Amino acid sequence: MRVLVVTAVPVERDAVTRAFGGTPQILGLPGAELHRSGAFDVLAGGAGPAAAAAAAAFALASATGSAPGPYGLVVSAGIGGGFAPAPLGSLVVASDIVAADLGAETPDGFLPVTALGFGRDRFAPPPTLVREVAAATGAAPGPVLTVSTVTGTAARTAALLTAYPGALAEAMEGFGVAEAAERAGVPVLELRAVSNTVGPRDRAAWRIGDALAALTEAFGKTGPVLEGWNRHDH
């Protein structure tokens with residue numbers, strides 16, 4: 001099965017492709033490079049849900065009907081913030097991919113887009129695949145929030161956890177990738193390595209290098225799981 005992995009930036013893309021060894025084949029797409037390693041195509045689609053959705057949608061559409069064939073799974077991958085007590089360098093696999101700031105502010109607080117009577121605010125990856133990836137990598141399964149603005153205050157952290165109890169991490173691309181995958185009829189997964197704690201912004205405390213190394217290790221362990229997974233068998 002072919003797998004499309006969508007990251008935000010090239011360092012995340014390169015961290016994923018390092019897990020597969022060798023030198024990837026580099027293919028050109030408008031505005032991006034796609035790095036092919038065996039069954040895995042890895043793309044740095046840009047930061048934020050809009051860029052991620054556009055890049056994923058273009059890659060999915062470009063693969064339809066072309067050799068070596070369409071994708072069977074899309075993965076949103078990269079580093080992200082972890083809600084305490086998630087350790088820096090740990091892994092999170094999304095049980096739910098949630099658009100945490102898509103909706104409306106009201107005098108009574110935030111309303112998700114679904115409460116407004118249109119759209120959707122979450123996607124659920126295949127539970128069996130989530131369990132298999134968690135078992136292979138040691139990742140904690142739980143909700144991962146997609147935000148357009150990285151959280152930088154204690155007040156915003158508390159508001160997110162009140163709105164989405166049990167959330168384990170936040171990032172900026174998962175929901176966009178999931179929207180594209182849904183429209184293409186392809187299952188989606190989100191895997192994050194924790195680079196910082198969600199809360200007051202302190203760049204000195206971030207561990208980006210450790211998180212990227214954890215991401216490489218995670219794909220080394222989960223690659224066979226993803227490549228061999230068949231949604232029709234689960």
Side-chain angles (χ1 to χ4, degrees), residues 3-37 40-60 62 71 73-82 86 88-94 97-101 137 139 144-152 168-181 188-198 201-220 222-223 226:
V3 180
L4 174 65
V5 182
V6 183
T7 71
V9 293
V11 291
E12 294 172 322
R13 178 199 63 206
D14 295 345
V16 173
T17 55
R18 275 196 296 273
F20 308 127
T23 301
Q25 179 185 4
I26 299 177
L27 306 174
L29 288 177
E33 287 182 350
L34 188 147
H35 289 203
R36 176 167 293 166
S37 297
F40 292 87
D41 286 355
V42 190
L43 176 68
F58 193 92
L60 286 162
S62 298
Y71 296 107
L73 178 70
V74 182
V75 183
S76 177
I79 63 176
L88 300 188
S90 65
L91 298 168
V92 175
V93 57
I97 301 170
V98 183
D101 54 12
T137 63
V144 175
L145 309 184
T146 297
V147 294
S148 294
T149 301
V150 173
T151 300
L168 296 185
E170 72 168 21
M172 300 181 73
E173 294 80 33
F175 192 81
V177 173
E179 286 276 22
V188 68
L189 186 77
E190 183 170 9
L191 182 62
R192 295 284 165 183
V194 175
S195 60
N196 59 283
T197 300
V198 177
R201 190 171 175 82
D202 180 9
R203 285 298 300 269
W206 290 20
R207 297 293 179 265
I208 292 177
D210 292 343
L212 291 171
L215 192 65
T216 300
E217 184 177 358
F219 271 87
T222 201
L226 301 182

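Computed from a prediction, not measured in an experiment: that's the story for all the values here.
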Minimum heavy-atom distance A211-A193, with the two atoms named: O-CB, 3.2 Å
field: Heavy-atom pair of closest approach, residues A214 and G89
entry: CB-O, 3.3 Å
query: What distance separates S90 OG from D210 CG, expressed to the nearest 0.5 Å?
result: 11.0 Å
- prompt: Are any of the side-chain heavy atoms of V75 and L4 separated by less than 4.5 Å?
  reply: no
task: Would you check if the side chain of E12 reaches a backbone N or O of A8 as a donor-acceptor pair within less than 3.5 Å?
output: yes
field: E33 side chain near L27 side chain, heavy-atom distance below 4.5 Å
entry: no
Side-chain donor-acceptor distances from residues 14-24 under 3.5 Å, at least two apart:
unit_1 : atom_1 : unit_2 : atom_2 : d
T17    : OG1    : R13    : O      : 3.3
T17    : OG1    : D14    : O      : 3.1

task: Go through E190 and V177 one step at a time and tell me if the side chain to side chain contact (heavy atoms under 4.5 Å, CB included) criterion holds.
output: CA-CA 9 Å; E190 183 170 9; V177 173; over 6 Å; no
message: I want to check something: taking the side chain as every heavy atom from C-beta on, are L34 and V42 in contact at a cut-off of under 4.5 Å?
response: no
task: Examine distances only and state if a side-chain atom of T222 and a backbone atom of A218 form a donor-acceptor pair shorter than 3.5 Å.
output: no
message: To the closest 0.5 Å, what do you measure between OG1 (T7) and CD1 (I79)?
response: 10.5 Å
Non-hydrogen side-chain atoms of L88 and W206 separated by less than 4.5 Å: no
statement: Nearest heavy-atom contact between A86 and L168 is CB-O, 4.4 Å
query: Tell me, do F175 and L145 make a side-chain contact under 4.5 Å, heavy atoms counted?
result: no
message: For L43 versus A55, what's the shortest heavy-atom pair and its separation?
response: CD2-O, 3.7 Å
task: Locate the shortest heavy-atom distance separating D101 from S148; write the atom from each residue and the value.
output: OD2-N, 2.9 Å
- prompt: Where is the tightest heavy-atom contact between P49 and T146, given as atom of each residue plus distance?
  reply: CB-CG2, 4.3 Å
query: So, do D41 and V3 sit near enough that their side-chain heavy atoms are less than 4.5 Å apart?
result: no
query: Roughly how far, to the nearest 0.5 Å, is CD of E217 from CG of L91?
result: 7.5 Å
query: Tell me, which pairs form a salt bridge (charged side-chain N to carboxylate O under 4.0 Å, His left out) where one or both residues lie in residues 169-179, sequence neighbours left out?
result: E173-R192, E179-R183
message: Rounded at 0.5 Å granularity, tell me how far CZ in F219 sits from CG in L226.
response: 6.5 Å
message: Within the 4.5 Å heavy-atom criterion, are V6 and S76 side-chain neighbours or not?
response: no
message: Less than 4.5 Å apart, side chain to side chain, heavy atoms only: is that true for I97 and V144?
response: no
